[in-house]
Structures are given as structure tokens and as C-alpha cells.
Amino acid sequence: MNTSATLSRSTPIAPAELPLARKFLIFGVMAFGMFMALIDIQIVAASLNDVQAGLSAGPDEISWVQTGYLMAELVMIPFAAFLAQALSTRWLFALSAGSFTLASALCGMAWDIQSMTVFRVIQGFVGGAMVPTVFATGFALFTGKQRALIPAILGMVSVLAPTLGPTVGGWLTEAVGWRSIFYVNIVPGILVTVLSALLVKVDRPNLAMLKKIDYVHLAAMAFFLGGLEYVLEEGPRHEWLGDPTIATAAWLSLVGFVLFLERSFRSSDPIVRLSPFRQRNFVFACLFSLVIGFGLYAATYLVPVFLGRVRGYNSLQIGTTVFVTGVAQIASTVVAARLSQRVDARWTISAGLLLFAASLWLFSAMTPDWGFAALFWPQVLRGFAIMLCIVPSVNMALNGFAMAELRYASGLFNLMRNLGGAIGIAVVNTWLQGQTRIHAARFGESLGESGRNAPEVIAQLAGRIGQVTTDSAHAVLMAQGELGRLVSRSATTLAFDDAFRLMAWMFVVALLLVPLCRTPAEASPAAAESAH
């Protein structure tokens with residue numbers, strides 16, 4: 001009996017050999033946990049003004065609610081592969097979901113901005129493990145045609161969360177109050193935690209690894225990624241390296257990066273293995289992931305900002321306008337999944353990058369009057385294109401790895417998409433600020449040409465306003481203000497157009513890299529089994 005029990009404990013688990021229904025149940029639970037973690041970021045982002053008012057926080061303080069979360073999440077994503085081997089996928093995911101739920105409840109009970117920031121950092125760190133873990137587990141569970149569905153489903157989850165988040169956050173805040181955006185995670189979080197502990201038995205722990213953690217490597221990675229995220233988040237608001245705090249963070253990030261690379265190559269037990277980069281397709285897939293993350297998050301950020309800043313839409317109107325992107329993404333998921341089974345991934349991602357570039361080019365023709373109707377087709381095209389980008393890039397990145405290395409590949413690949421998003425939002429914010437000033441200056445030069453244009457416009461506006469007021473001086477002041485608002489809206493809109501146009505060219509450049517890729521090959525069952 002004892003011998004039998006010992007053999008049972010030492011026998012490796014082969015995830016691909018589990019019953020099909022159980023595999024889909026495991027994957028479904030984990031995918032839902034991933035969706036919960038991803039949508040939380042956007043839900044909170046949409047309600048920051050209400051959180052700020054509720055906690056009596058200043059503008060610089062409230063930014064840490066998002067910055068702290070993203071910094072901590074970015075550190076955990078590559079670290080999750082090490083923890084999954086040490087604790088097992090089952091217990092890492094259950095602990096991640098459970099801790100995320102507890103941290104959400106604490107955020108809802110926060111009594112000041114300091115407590116909120118601490119709880120958000122914890123929430124981001126523990127929740128970050130769910131995203132790369134579900135990618136690696138999905139590829140370990142399924143093979144053949146079933147595996148082709150995994151990147152399509154997870155890609156849809158990845159892009160739906162940013163699309164639905166602002167709508168859900170705005171609705172919850174208006175209907176129930178800002179604390180509900182954290183409490184809404186409690187019931188689904190408990191459900192995911194319990195089901196993960198009961199069902200996700202796909203590998204065994206190796207607790208001895210916890211005694212071999214290279215803490216210098218971990219600290220270097222934390223300084224590198226945390227500092228980089230801080231620079232990218234706060235840089236556009238504080239003149240980048242002109243601000244001493246941002247300059248210090250940038251320097252610490254650079255030092256952390258050098259030390260991180262040194263420990264990655266020299267440590268006997270590195271917490272992040274860079275061996276996946278030996279595969280040519282993985283390198284290009286990570287580059288595509290960086291570009292896709294840039295375009296996905298930057299475009300998802302720019303459209304609501306345009307609608308709020310230029311059109312004056314409220315959160316509900318914005319959510320209704322951008323919702324069509326999510327519908328297009330759902331429709332394209334089926335197409336992308338089928339193409340991944342029948343067409344070379346290089347052709348699919350070429351079509352996706354080209355269509356994404358075309359959608360961004362359509363956005364670059366925006367005027368201050370664009371609303372739902374004008375934005376409809378550019379958003380539909382972008383939503384359809386993104387799945388044609390994500391599905392083949394995931395296949396190119398994760399096919400061909402055995403389970404042990406698959407975890408690290410998943411963490412690094414997802415890290416690239418998150419970094420792309422952080423870089424994208426920081427860059428487009430900088431573009432917007434700079435280009436808005438440039439266009440406003442050009443408008444000023446044009447209106448002041450020959451000393452005639454601006455006075456004539458103001459006189460015409462004052463004449464119209466004078467029809468409803470007898471105070472001519474007040475009419476002139478109102479006319480000057482109205483002209484200023486028109487110039488500001490037009491300059492801001494042109495800056496948005498410039499940002500979309502530059503992103504379109506970036507996707508065209510990425511398209512030129514596709515011929516350098518090879519057709520991805522799946523890892524052999526023997527290799528996957530030996531990894532356990």
C-alpha cells in the first residue's frame with residue numbers, strides 16, 4: 001500500500017491526457033479568473049475621479065491607485081512561471097485568485113489614499129500571476145485543433161476586458177457608488193478560488209524551489225520593471241527626465257535591468273529563464289506582442305479620451321460608442337480560430353497587421369464632430385483586426401515548448417504585451433501634448449496673419465452673440481472665449497489624428513518583419529511529458 005501511494009505521488013501528471021470535459025472546465029475557470037483581473041484595471045481607471053473625491057485625494061496621489069497596481073502586476077507576470085513550478089499551477093492560481101479577492105475587499109474598505117495605494121499594490125502583485133498561468137496551462141492541456149481555440153479565446157478575453165471595463169466601471173459608480181467597483185470582485189473571486197483549488201490538478205509542486213529563490217534576481221527585476229512602469233506612467237505628466245523623481249526611477253530601472261540580465265545568465269537558479277529567446281519565432285512573436293500591445297492599449301485609451309475631451313461625452317456615452325469594438329472582436333474570434341487551423345500563421349498575422357494599420361489610418365481623419373456614426377467603421381475594423389493579430393502571435397510564441405519552458409515563455413510573452421501597452425499610452429500622451437501645442441501655435445499664426453483674420457472672426461461671433469445680449473463688451477469677451485475653444489478643439493483633434501497616423505506606420509513596419517518568421521511547430525508529446 002505504501003509503495004503504491006509513493007508511486008502515485010511520484011507519477012507525473014500529463015495535462016493533455018485528462019478527460020476533454022475536465023480540461024475545458026479547468027480552462028474555463030482559469031480564463032474567467034484572468035478576465036476578472038484584466039477588467040478590474042479598466043473598471044477602476046474609469047472611476048478614478050470618484051475615488052479621488054471619495055478619499056479626498058490630490059491629483060498626484062490618485063494616480064498611484066493605477067500606477068502602483070501596474071508596477072506590481074508587471075513584476076509578478078514573469079515571476080509567475082517560477083512560482084507555478086514551486087507551488088503547482090493549482091495552488092498558485094487559487095492563491096492568486098483568493099488574494100486578489102481579499103485585496104479587492106480591502107480596497108473597497110480603504111479609509112484614505114495611503115491605504116488604498118497599499119491595497120492596490122497588493123492586488124496588482126497577486127493578480128498578475130493569473131494571466132501568464134492560464135496561457136501556459138491552456139497550451140499544456142490541449143493539442144491539435146483544440147489547441148487552436150486557446151489563443152482565440154484568451155485573445156478575446158484580453159481585448160474584451162479593456163473594451164468593457166470603462167462601461168462597467170461608469171455604470172457601477174453611477175448606480176451604486178465607487179466602492180462597488182472593488183466589491184464586485186468578491187463573489188466571482190471566491191468562486192474562482194474554490195474551483196481552482198478543486199479542479200486545477202495539472203502538475204505537482206516542487207516546494208524545494210522556494211529555498212532556492214535568487215532574491216537579488218527578484219529585487220533587480222522589481223527595480224527594472226517597477227521603475228520602468230513608473231517612468232512610463234508619470235513621465236507624460238511631469239516632463240519626463242526633467243523631473244528629479246522620474247530621473248531617479250529611470251536610473252534605478254536601468255541599473256536593475258543590467259543586474260537582472262547578469263543574474264539571468266549567471267545564477268544557478270534564476271527566477272526568470274530567458275531560454276525561450278533562443279527560438280527565432282518566439283523573438284518575433286514578442287516583437288509583434290509589443291507592437292500589438294502598443295496599438296491595442298493606446299487606441300483603446302485614445303478614443304474615450306477624444307470623446308470626453310473634444311466631444312464632451314460622459315462615461316455612459318463613451319461606453320456606448322466604443323462598445324462596437326468589442327462586438328467586432330467577438331465576431332472575429334471565430335474567424336481567427338478557424339484560420340489558425342487552416343492557414344499559415346504568417347498570412348493571418350499579415351492580414352491582421354495590415355487591417356489594424358488601415359483602421360488606425362481611418363481614425364487619423366477625425367474631425368471635432370466625429371461621434372458614434374463616424375467612428376463606427378474604424379472601430380469595427382480595429383476590433384476585427386486585433387484578433388487576427390493576437391491569435392497567430394500567441395501560436396508563434398508558445399508552440400514548440402515543453403511545459404517547464406512553456407511557463408517562462410508565457411510570462412515573457414505576456415510581459416511584452418503589457419510593456420507595449422504601457423509604452424503606447426505614455427508615448428501617445430506625449431505626442432498629444434506636443435502636437436496640440438504645435439497645432440495651436442499654427443492656428444494662432446494663421447488667425448493673426450496680416451492682422452485681419454482673428455479680429456474679423458471675433459467680430460462676426462460678437463455680432464451673433466450681440467443678438468441675444470445688449471452688452472457689447474461682454475459679447476466681445478464671449479466671442480474671444482468661443483474662438484479660443486474652437487481653436488483648442490481643432491488643435492486637439494489634429495493631435496489625435498497625428499497619433500493615430502504614427503501608430504498606423506508602426507504597424508506597417510511590423511508587417512515587414514513577418515517574412516522573417518518560420519512556421520511554428522508544436523512541441524512533441526514526448527517533450528511535453530518529459531518536462532514533468
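Being a predicted model, the structure only gives us computed values, none of them experimental.
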Original post:
Any side-chain heavy atom of Phe125 sitting closer than 4.5 Å to one from Glu73?
Top reply: no
Original post:
Counting N and O atoms only, with roles assigned by atom type, does the side chain of Asp40 sit under 3.5 Å from a partner on the main chain of Met36, one being a donor and the other an acceptor?
Top reply: no
Original post:
Could you walk me through whether Phe500 and Met503 pass the side-chain contact (heavy atoms from CB on, under 4.5 Å) check?
Top reply: CA-CA 5 Å; Phe500 280 114; Met503 285 197 295; 3.7 Å; yes
Subject >> Ser332 OG to Arg382 CZ distance, which is reported to the nearest 0.5 Å >> reply: 12.0 Å
Original post:
Can you find a heavy atom in the side chain of Ser253 that is under 4.5 Å from one in the side chain of Tyr230?
Top reply: no
Original post:
Heavy atoms, side chains only, cut-off 4.5 Å: are Val291 and Met506 in contact?
Top reply: yes
Original post:
Out of curiosity, Leu241 CG to Trp251 CH2, how far, rounded to the nearest 0.5 Å?
Top reply: 12.0 Å
Original post:
Out of curiosity, Arg273 CZ to Arg407 CZ, how far, rounded to the nearest 0.5 Å?
Top reply: 12.0 Å
**OP:** Look up atom OG1 in Thr348 and atom CZ in Arg338, then write down how far apart they are to the nearest 0.5 Å.
**Re:** 14.0 Å
**OP:** Give a yes or no on whether the backbone of Phe260 and the side-chain of Ser264 come within a donor-acceptor separation of less than 3.5 Å.
**Re:** yes
Original post:
So, does Arg90 use its side chain to make a donor-acceptor pair with the main chain of Pro205 at under 3.5 Å?
Top reply: no
Original post:
Side-chain contact, heavy-atom cut-off 4.5 Å: Trp91 with Val200?
Top reply: no
**OP:** Spell out, as yes or no, whether a donor-acceptor pair under 3.5 Å connects the side chain of Gln379 to the backbone of Thr321.
**Re:** yes
**OP:** Give me the one residue out of Val131, Val157, Val134 that meets side chain to side chain contact (heavy atoms under 4.5 Å, CB included) with Phe35.
**Re:** Val157
Original post:
Which atom pair, heavy atoms only, marks the closest approach of Leu225 to Pro78?
Top reply: CD1-CG, 3.9 Å
Subject >> Residue among Trp505, Phe288, Phe507 satisfying ring pair (Phe, Tyr, Trp, His ring centres under 6.0 Å) with Phe356 >> reply: Phe507
**OP:** Using a 4.5 Å cut-off on heavy atoms from C-beta on, say whether the side chain of Phe100 contacts that of Val192.
**Re:** no
Original post:
Do any N or O atoms from the side chain of Ser289 and from the backbone of Cys286 form a donor-acceptor pair under 3.5 angstrom?
Top reply: no
Original post:
Is it true that a side-chain atom of Thr436 and a backbone atom of Gln433 form a donor plus acceptor pair closer than 3.5 Å?
Top reply: no
Subject >> Interatomic spacing from OH in Tyr297 to CD1 in Ile41 - rounded to 0.5 Å >> reply: 6.5 Å
Subject >> From CA spacing to verdict: side-chain contact (heavy atoms from CB on, under 4.5 Å), Ile153, Thr333 >> reply: CA-CA 7 Å; Ile153 295 171; Thr333 300; 5.5 Å; no
Original post:
Is a side-chain donor or acceptor of Arg311 paired with a backbone partner of Asp369 at a separation under 3.5 angstrom?
Top reply: yes
**OP:** Would you indicate whether Phe24, at its atom CZ, is surrounded by more than 12 heavy atoms from other residues, nucleotides or ligands within a distance under 6.0 Å?
**Re:** yes
**OP:** Heavy atoms only: give me the nearest Ala140-Leu406 pair and the separation to one decimal.
**Re:** N-CD2, 4.0 Å
Original post:
Please walk me through it: do Leu287 and Phe284 pass side-chain contact (heavy atoms from CB on, under 4.5 Å)?
Top reply: CA-CA 5 Å; Leu287 289 175; Phe284 283 108; 4.2 Å; yes
**OP:** Please test Val75 against Phe224 for side-chain contact (heavy atoms from CB on, under 4.5 Å), starting from the C-alpha separation and ending with a verdict.
**Re:** CA-CA 9 Å; Val75 174; Phe224 162 44; over 6 Å; no
Subject >> Taking every non-hydrogen atom, the tightest pair across Tyr69 and Ala37 >> reply: OH-O, 3.4 Å
Original post:
Is the Phe363-Phe496 ring centre distance short of 6.0 angstrom?
Top reply: no
**OP:** May I ask you to test the Leu419-Leu228 pair for a side-chain heavy-atom distance under 4.5 Å?
**Re:** yes
Original post:
How far does CD1 of Ile271 sit from CG of Leu218, to the nearest 0.5 angstrom?
Top reply: 4.0 Å
**OP:** Verify, without hydrogens or angle tests, whether Thr325 (side chain) and Gly383 (backbone) share a donor-acceptor contact under 3.5 angstrom.
**Re:** no
Subject >> Ile292 versus Ile390, closest heavy-atom pair with distance >> reply: CG2-CG1, 4.0 Å
Original post:
Which atoms form the tightest heavy-atom contact between Leu375 and Met366, and what is the distance?
Top reply: CD2-SD, 3.9 Å
**OP:** Answer whether the closest heavy-atom distance between the side chains of Pro270 and Arg263 falls below 4.5 Å.
**Re:** no
Original post:
Which atoms form the tightest heavy-atom contact between Phe223 and Leu252, and what is the distance?
Top reply: CB-O, 4.1 Å
Original post:
Do the non-hydrogen side-chain atoms of His439 and Thr493 ever get within less than 4.5 Å of each other?
Top reply: no
